[in-house]
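Keep in mind that this is a model prediction, so the values were computed, not measured. Within every chain, numbering begins at 1; the chains are lettered A, B, ... in the order of the sequence lines, protein sequences first and strands thereafter.
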There are 2 protein chains.
Amino acid sequence: MPTNPPPVLDLSYKGVEEAYELIKEKVKKTPVLTSESISKIADESGRTRLFFKCENFQKGGAFKIRGATHALERLSPQQLQAGVITHSSGNHAQALSIAAQAKGVPAYIIMPSNSARPKIEATKSYGGKIYFSDPSASAREALTASIQSQTGATLVPPYDHPAIILGQGTAFLELVSQAAEEDGVELDAVIAPVGGGGLLAGTALAAQGGGGSRVRVFAGEPADADDCYRGLASGERVPVSATTTVADGLRTPVGVTNFGVIQKHVDAVFTVSEEEILRAMRLIWERMKIVVEPSAAVPLAVVLSERWKAEGVKGNVGLILSGGNVDLDKAGELLMGKVPAV
Amino acid sequence: MPTNPPPVLDLSYKGVEEAYELIKEKVKKTPVLTSESISKIADESGRTRLFFKCENFQKGGAFKIRGATHALERLSPQQLQAGVITHSSGNHAQALSIAAQAKGVPAYIIMPSNSARPKIEATKSYGGKIYFSDPSASAREALTASIQSQTGATLVPPYDHPAIILGQGTAFLELVSQAAEEDGVELDAVIAPVGGGGLLAGTALAAQGGGGSRVRVFAGEPADADDCYRGLASGERVPVSATTTVADGLRTPVGVTNFGVIQKHVDAVFTVSEEEILRAMRLIWERMKIVVEPSAAVPLAVVLSERWKAEGVKGNVGLILSGGNVDLDKAGELLMGKVPAV
């Protein structure tokens with residue numbers, strides 16, 4: 001059976017713009033919030049203003065729907081009909097299920113058999129067809145290959161893929177235009193969290209802009225999962241990250257395609273401790289009255305760190321609040337600064 | 001020293017409109033959010049759509065700034081200069097401090113000596129001048145009278161006052177116009193929580209509308225603090241409410257002026273259990289990704305109750321999320337459905 005060749009996607013600012021045209025009616029234009037009190041805590045001099053892009057309000061509770069929707073838009077009608085498949089237990093599984101449901105095609109989700117019940121329930125509620133595998137990587141890959149050959153479904157990986165990267169970059173496109181339209185400001189810098197690097201690489205491409213001036217792009221990474229930081233320092237991607245950081249969305253090592261983009265376009269990665277992450281998360285809940293997950297608080301943790309202050313970045317700084325999917329049974333511990341047992 | 005007579009305020013729809021003209025540049029126009037998933041939980045038939053007015057995002061974290069700002073706008077220059085005074089440990093103390101600070105005049109706050117530290121700190125941070133009294137009502141009143149005679153400050157009570165009632169009603173004016181402009185809908189009903197009754201009475205006046213059609217007005221009240229419910233049933237205000245309901249903003253009995261307005265203009269009061277309040281609060285945090293205090297969840301608890309379903313109200317229902325000032329040290333217990341020890 002002949003299949004169409006995959007489209008060649010341009011890993012560039014233009015590629016993000018094209019992705020946005022394809023998905024803008026299908027994802028939520030999430031609000032941009034400001035907080036005078038947090039901006040003042042970050043910089044007493046008053047020369048820094050923070051702009052929070054609230055992807056915690058996105059469909060599925062995280063930015064992931066952007067990449068998943070874009071990946072589906074890039075499939076041929078024939079591919080689409082056979083559905084999509086991924087192995088994930090987290091936000092990507094849910095996002096792919098939502099995006100597939102919107103298209104009326106199946107999403108096959110391979111999940112470790114020890115996945116948390118709320119994640120299983122959420123994925124089911126969005127119509128994902130779940131297959132449980134042993135938690136080992138080899139078992140997972142074998143089951144994925146088997147379902148893929150039975151169904152002809154297209155694999156949509158969570159981050160290491162051009163369509164995913166370009167889709168995730170659209171959050172920053174919106175942030176730039178919202179800051180300009182609603183607050184009349186140009187951003188000087190943006191900080192995104194980095195795990196697999198889909199959001200960070202997409203943001204970095206989007207920040208290349210159409211014109212001459214470029215926004216500075218920084219990343220925040222848990223010190224307990226600092227493979228991206230170490231990879232940039234050594235010039236070589238670190239492919240493994242064994243970690244139980246509380247920022248559970250950032251436990252995966254950065255992808256191959258992602259690392260190439262990040263090396264080229266990201267100004268610096270800042271690492272933050274578990275304590276700094278939870279303190280920043282609590283500050284967002286307390287002052288902004290919104291629920292964000294630990295991973296989403298990493299950029300604010302960066303802004304509040306001594307290393308950032310030493311860097312001397314002032315002005316209008318965008319922070320991407322990546323998601324709000326917290327297990328509320330564990331919220332008490334998180335808010336008290338404790339890392340709950342997995 | 002001659003003082004100007006207090007302005008005669010019209011307890012009517014027009015009075016709320018006039019209040020709004022005076023305060024609209026001074027308070028935040030808070031967003032109105034919708035939630036498909038919560039609307040569906042409330043009414044499987046899909047004939048109910050809920051509109052949440054997010055006063056948890058208001059300055060000071062609650063609607064109280066509306067009434068306090070309006071009360072200050074109604075003072076003569078001479079009165080204003082001498083400052084304002086109130087006895088409260090909660091959201092009203094903070095709101096009055098913020099409103100007075102914006103005017104550059106002193107706010108004297110009489111607080112029980114056993115007030116929680118976060119409330120004291122918040123009031124101080126907004127420039128309130130705090131005086132601690134014994135927790136008894138007589139000690140509090142004596143100290144208030146003493147400071148008042150020393151300073152000439154005007155007493156601004158938390159709810160039983162026309163200027164406060166009219167100010168609180170402005171949240172509903174905004175909600176109506178936002179639902180019309182942003183979603184193209186007319187509201188069929190609104191539910192406000194009731195404690196002292198400032199917000200509820202103001203909402204009821206605002207709902208009289210300028211034209212012919214009137215929005216139905218309902219109240220939500222904790223069953224553990226049901227003085228308003230009982231007062232309407234018996235036709236006589238119940239002046240005492242001894243309660244430790246988890247909805248700590250709703251522990252006070254309804255005020256005299258407030259009760260009169262409520263008797264005349266509120267369609268019905270629904271009571272809800274502590275468990276129902278906490279379940280509704282958790283649902284808001286989980287699905288809407290926003291932080292609300294237990295009192296703010298009371299209207300949603302009403303919509304999810306059997307008694308409401310029996311009432312058969314369908315259509316576009318506005319819910320006023322009154323505030324988001326939760327002690328995050330106790331959030332874990334609240335989210336697990338437990339009422340923390342006071």
Side-chain angles (χ1 to χ4, degrees), chain A residues 28-37 40-41 52 54-63 91 94 98 102 118 121-122 125-126 182 278-293 296-297 321-338 340, chain B residues 28-37 40-41 52 54-63 91 94 98 102 118 121-122 125-126 182 278-293 296-297 321-338 340:
Chain A
K28 201 162 165 181
K29 185 169 179 175
T30 56
V32 174
L33 298 182
T34 56
S35 165
E36 277 178 43
S37 81
K40 202 175 282 177
I41 291 168
F52 298 87
C54 294
E55 289 290 293
N56 55 324
F57 294 151
Q58 187 53 267
K59 280 187 199 175
F63 69 93
N91 287 334
Q94 293 164 34
I98 297 170
E121 292 306 323
S125 77
Y126 297 129
E182 294 163 20
L278 291 177
R279 206 187 303 142
M281 187 193 90
R282 181 173 168 131
L283 196 63
I284 293 169
W285 289 43
E286 184 180 288
R287 302 299 172 101
M288 299 178 67
K289 312 296 182 193
I290 63 176
V291 173
V292 294
E293 56 189 77
L321 295 179
S322 48
N325 292 329
V326 179
D327 180 351
L328 290 181
D329 286 346
K330 292 177 179 161
E333 288 172 88
L334 295 172
L335 290 166
M336 301 301 275
K338 290 174 202 149
Chain B
K28 202 163 164 180
K29 184 170 180 175
T30 56
V32 174
L33 298 182
T34 56
S35 165
E36 277 177 44
S37 81
K40 202 174 283 176
I41 291 168
F52 297 88
C54 293
E55 289 290 293
N56 57 324
F57 294 151
Q58 187 52 270
K59 281 186 197 177
F63 69 93
N91 287 334
Q94 292 164 33
I98 297 171
E121 292 304 324
S125 77
Y126 297 129
E182 294 163 17
L278 291 177
R279 206 186 303 139
M281 187 194 92
R282 181 173 169 133
L283 196 62
I284 293 170
W285 289 44
E286 186 179 288
R287 302 298 171 103
M288 299 178 68
K289 312 296 182 191
I290 63 176
V291 173
V292 294
E293 56 190 77
L321 296 179
S322 48
N325 292 329
V326 180
D327 180 352
L328 291 181
D329 286 347
K330 293 176 178 159
E333 287 171 88
L334 295 171
L335 289 166
M336 301 301 276
K338 291 174 202 149

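Of the two parts of Arg287(B), neither the backbone nor the side chain holds a non-hydrogen atom closer than 4.5 Å to a non-hydrogen atom of chain A. Interface remark: Leu328(B) contributes backbone and side-chain atoms alike to the contact with chain A (heavy atom separation under 4.5 Å).
Few gaps surround NZ on Lys29(A); more than 12 heavy atoms of other groups in view lie less than 6.0 Å from it. Heavy atoms of other residues, nucleotides or ligands lying less than 6.0 angstrom from CD of Glu36(A) number 12 at most.
Scanning all heavy atoms of the two residues, the minimum distance from Lys289(A) to Asn325(B) falls at NZ-OD1, 3.0 Å. When all heavy atoms of Trp285(B) and Val291(A) are compared, the closest pair comes out as O-CG2, 3.9 Å.
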